[in-house]
Amino acid sequence: HADTAMYRAKDTGKNNCQFYTREMNATIERKLHLLEGLRNAVDDGQFQLVYQPKVDLRSGHIFGVEALVRWAHPEYGLLGPDRFIPLAEESGMIFALGEWVLQTACRQNQLWQEAGLPPLRISVNVSPRQFEEQRLVQRVAQALEESGLAPEWLELEVTEGVIMRDLQQAVAKMGELRAMGISLSIDDFGTGYSSLSALKSFPISTLKIDKSFVRDLGSNAGDEAIASSIIGLAHQLRLRVIAEGVETEEQRAFLRHNGCDEMQGYLFSRPLAPEQLRQLLLRQMPASAGLGRLAPALA
Ligand code: C2E
Ligand code: MG
Ligand code: MG
Ligand code: MG
């Protein structure tokens with residue numbers, strides 16, 4: 001209890017102890033409160049997905065989107081995933097949340113296609129416990145079946161750390177997912193530890209350069225060396241490579257010059273609500289193709 005803790009802190013005679021204790025209690029209480037709220041948030045419809053375009057670095061053509069989850073919390077307002085994904089992982093709520101994300105992303109993508117928009121690949125983030133869950137493959141298959149989305153239009157993003165935890169099992173699972181016809185990419189590449197020799201056995205199609213290496217492109221020689229090495233490595237392994245967090249023209253110029261294939265970031269677009277993304281896609285289509293189903297596939 002807060003009062004007891006403060007009382008004890010006073011007893012120790014250290015003045016600053018009381019302050020820390022109260023602050024820690026507030027943090028823990030907020031965390032518990034979020035945790036409690038998570039339990040019903042899926043059923044109460046408090047989660048939303050926003051979609052950030054992924055574009056071809058040279059043409060600027062939108063070929064895909066990444067689904068990013070937000071929590072419209074009844075008291076705290078719109079929360080980003082860094083505030084609640086770790087809690088969802090700890091508490092096991094990630095399974096229900098992850099399933100909702102998969103289903104919603106697949107359904108949304110199928111709706112866009114049925115509306116005659118040029119087909120996009122949708123990327124869904126999968127966190128460690130989700131990836132390790134036995135039922136992941138089944139859940140993915142179910143999301144595809146229920147939405148009617150063809151597997152070629154779905155991609156999962158996993159981080160290196162997830163894969164390296166249990167390499168053999170991860171490679172087997174990735175193989176199953178690939179066999180279903182979906183794509184896989186490694187998110188935040190370069191920040192985790194992964195063995196380069198293992199990389200060649202992953203059935204993945206894309207490496208994603210973490211935004212921490214992108215931020216100082218044009219001014220930091222170390223980051224430039226890392227980014228261009230990742231691009232070279234990806235191409236040697238016959239993988240595509242995308243840079244995340246591209247915010248400036250200077251960063252884009254560096255990436256283009258060094259042969260990066262794709263990019264994602266505020267320079268092109270922030271994550272968008274479904275209707276905003278639809279508008280953006282309509283603007284990208286040639287005027288003659290703007291009439292629904294008659295649109296030719298532009299891919
Ligand atoms: P991530 O998958 O590496 O996503 C990239 C993050 O960078 C996103 O943050 C995105 O909004 C942000 N971003 C995009 N462009 C820029 C830019 O130009 N500059 C900067 N500074 N940031 C940019 P967000 O949406 O807060 O997501 C954070 C992380 O939460 C994601 O990192 C991902 O690991 C996780 N996450 C998001 N949605 C889901 C989900 O549905 N399920 C799971 N399991 N994890 C998710
Ligand atoms: Mg991602
Ligand atoms: Mg990332
Ligand atoms: Mg990240």
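One-based numbering, in listed order, for ligands and for the atoms of each.
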Has Gly245 got any heavy atom lying under 4.0 angstrom from an atom of ligand 1? yes

Checking the N or O distance criterion of under 3.5 Å, is ligand 1 in contact with Val69? yes

Polar contact flag for Gln264 and ligand 1 (N/O pairs, less than 3.5 Å): no

Is there side-chain contact between Asn109 and Val65, with at least one heavy-atom pair below 4.5 Å? no

Less than 4.5 Å apart, any side-chain heavy atom of Ile94 and any of Ile85? yes

Which N, O or S atom name in [X] marks its closest approach to the Mg ion (ligand 2)?
| X | answer |
| --- | --- |
| Glu157 | OE1 |
| Glu66 | OE2 |
| Asp187 | OD2 |

Considering non-hydrogen atoms only, spot the tightest contact between Asn220 and Asp223 and give its length. OD1-N, 3.0 Å

Under 4.0 Å between a Lys/Arg side-chain N and an Asp/Glu carboxylate O for Glu155 and Lys208? no

Using salt bridge (charged side-chain N to carboxylate O under 4.0 Å, His left out), reason through Arg139 and Glu99 one step at a time and then give a plain yes or no. CA-CA 7 Å; Arg139 288 186 199 267; Glu99 180 157 49; 2.8 Å; yes

For Glu244, the ligand 1 atoms whose distance to one of its heavy atoms is below 4.0 Å: 3 (O), 5 (C)

Pairs touching residues 159-176 that satisfy side-chain hydrogen bond (donor to acceptor under 3.5 Å, both in side chains), sequence neighbours left out: Glu132-Arg165, Glu160-Ser194

Donor-acceptor pairs are to be reported for all side-chain atoms of residues 42-53 against protein atoms at under 3.5 Å, with residues two or more places apart or in another chain.
from	atom 1	to	atom 2	distance (Å)
Gln46	OE1	Trp71	NE1	2.9
Gln52	OE1	Gln264	NE2	3.1
Gln52	NE2	Ser269	O	3.0

Looking only at non-hydrogen atoms, the one of Glu66, Arg129, Gln251, Lys211 nearest atom 12 (C) of ligand 1 is Lys211

Specify whether an N/O/S atom of Glu244 falls short of 2.8 Å from the Mg ion (ligand 3). yes

Nearest-0.5 Å distance that lies between atom CH2 in Trp112 and atom CZ in Arg278: 10.5 Å

Taking both backbone and side chain into account, is any N, O or S atom of Asp188 nearer than 2.8 Å to the Mg ion (ligand 2)? no

Under 2.8 Å: N/O/S of Ser123 next to the Mg ion (ligand 2): no

